[in-house]
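Predicted model only: the values in this text are computed from it and were never measured.
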Amino acid sequence: MSPDHPPGLDLDRLRGLLDRERPGLVTGPLSGRLIEGGRSNLTYAVSDGTARWVVRRPPLGHVLATAHDMKREHRVISALHPTDVPVPRPVLLCEDEDVLGSPFYVMEFVEGTPYRTAEQLAPLGPERTRAAVLNLVDTLVGLHAVDPAEAGLGDFGRPDGFLDRQLRRWAKQLDASRNRDLAGIDELHATLGRELPDSPSPTVVHGDYRLDNVLIGGENDEIRAVLDWEMSTLGDPLTDLGLLVMYSSPLGMPDSPVSTTAQAPGHPASAELIERYAARSGRDVSAVAWYTAFAWFKLAVILEGIHYRYTLGQTVGRGFDRIGDLVPVFIEHGLTTLQEG
């Protein structure tokens, strides 16, 4: 396929659909490119030479439809778009697999930068970096302030027993890829289970909230869009905070294939992020260590799954050979977080 016709994106079929469903939207021949950096669902930028849109679809040859639910993603951004939460404007959901080979949706293209590493943040300088990360916290507070029922998301998940289900889900994921001894991971899981906190009132949860899942732009480096809603649900809002804290903590592992943004000059310390969230949301965050430790556990399981697929020769690209070395680091961070409270 040429760069303008990437795999998984049939531009002629897409144009035909848009002309039928959104007459007049497209005014010229379509071109498209795959947006690099996605870890799961495929994301394409599409243009008619004047306007731009984004197409989201499951990976090629995907098996578990529930893990790549386009209808779910489209539903949550459609519900949140009228609120103060910055999300791209939805354009179209297509569940007809004859068009692109799987369900997909189209949304507006939002100009902005996803900052994935401390090195990418460094050119902003300390003051702009600090402001961007604090804006990330404020946007999370705004998301968690949305009333799910008022937004039409009252049945978007099952908040009762949310944390217990999450723990069981990720333990099951671990068992599915367990092919080596991982010192401490069973202890981490068991301790999390024993110390399960009481959840606050449920909110819309993003599920993968971090700096590189938002687009930052404009003169004031505002958050222009929150992306990648594939793990969103109704549940415990502090799971989002714990994940954000984890991604804002130093790994202590130079040249890691998975990085956090903590070392960027001006990046606020985790304690400041927690305090800001508590002050602006009014929520009790005294159990945040549990949520952060759970985030370390969850990422350890995800990375172990990637490592397992690498050992089977099922991954392609650079850096996969070093993922396995990261897993014990994440386990140790999780245990230490629980011990230090």
With Arg210 as the cation and Tyr247 as the aromatic partner, state whether NZ or CZ is under 6.0 Å from the six-membered ring centre and within 45° of the axis.
yes

Kindly say whether Pro202 contributes a backbone atom to a donor-acceptor pair with the side chain of Asp236 at under 3.5 angstrom?
no

Donor-acceptor pair, side chain of Gln120 and main chain of Thr117, under 3.5 angstrom:
yes

Main-chain N/O of Ala79 paired to Thr83 side chain as donor or acceptor, under 3.5 Å:
no

Ala278 versus Val285, closest heavy-atom pair with distance
CB-CG2, 3.7 Å

Is it true that a side-chain atom of Asn213 and a backbone atom of Asp228 form a donor plus acceptor pair closer than 3.5 Å?
no

To the nearest 0.5 angstrom, please state how far the CZ atom of Arg178 sits from the CD atom of Gln173.
12.5 Å

Shared ILVMFWY cluster between Val55 and Val99, side chains joined below 4.5 angstrom?
yes

Between Glu73 and Arg57, does a salt bridge (Lys or Arg N to Asp or Glu O under 4.0 Å) hold up when you go through it step by step?
CA-CA 10 Å; Glu73 277 197 46; Arg57 60 152 293 160; over 6 Å; no

Do the ring planes of Trp290 and Phe294 sit parallel (below 30°), tilted (30 to 60°) or perpendicular (above 60°)?
parallel

Could you check whether Arg75 and Ser78, counting side-chain N and O atoms only, form a donor-acceptor pair closer than 3.5 Å?
no

Does Arg52 make a cation-pi contact with Phe109 (under 6.0 Å, within 45 degrees of the axis)?
yes

State whether Phe156 and Arg72 meet the cation-pi test: NZ (Lys) or CZ (Arg) under 6.0 Å from the six-membered ring centroid, and within 45° of the perpendicular axis.
yes

Under 3.5 Å, is there a donor-acceptor pair between the Thr43 and Arg56 side chains?
yes

Euclidean distance, Thr129 OG1 relative to Asp221 CG, rounded to 0.5 Å:
8.5 Å

Check whether Tyr209 reaches the backbone of Leu136 with its side chain - one donor and one acceptor, N or O, closer than 3.5 Å.
yes

Indicate yes or no for a side-chain donor-acceptor contact from His206 to the backbone of Leu227 under 3.5 Å, with no hydrogens or angles considered.
yes

Does any N or O in the side chain of His267 come within less than 3.5 Å of the main-chain N or O of Leu121, such that one atom is a donor and the other an acceptor?
no

Would you say the side-chain atoms of Glu108 pair up with the backbone N or O of Arg89, donor to acceptor, closer than 3.5 Å?
yes

Joint hydrophobic cluster, Trp170 plus Leu241, side-chain heavy atoms closer than 4.5 Å:
yes

Using modelled atom types only, decide if a donor and an acceptor are shared between the side chain of Arg22 and the backbone of Leu92 within a distance under 3.5 Å.
no

Less than 6.0 angstrom separating the ring centers of Trp296 and Phe330, yes or no?
yes

Verify, without hydrogens or angle tests, whether Asp147 (side chain) and Ala149 (backbone) share a donor-acceptor contact under 3.5 angstrom.
yes

Considering only NZ, NE, NH1 and NH2 on the basic side and carboxylate oxygens on the acidic side, decide whether Asp138 and Arg276 come within less than 4.0 Å.
yes

Is the shortest side-chain heavy-atom distance between Trp229 and Leu80 below 4.5 Å?
yes

Is it the case that more than 12 heavy atoms not belonging to Asp155 sit under 6.0 Å from its CG atom?
yes

Under-4.0 Å salt bridge between Glu304 and Arg309
no

Whether the Arg283 and Tyr277 side chains hold a donor-acceptor pair (N or O, under 3.5 Å, no angle test) is what I'd like checked.
yes

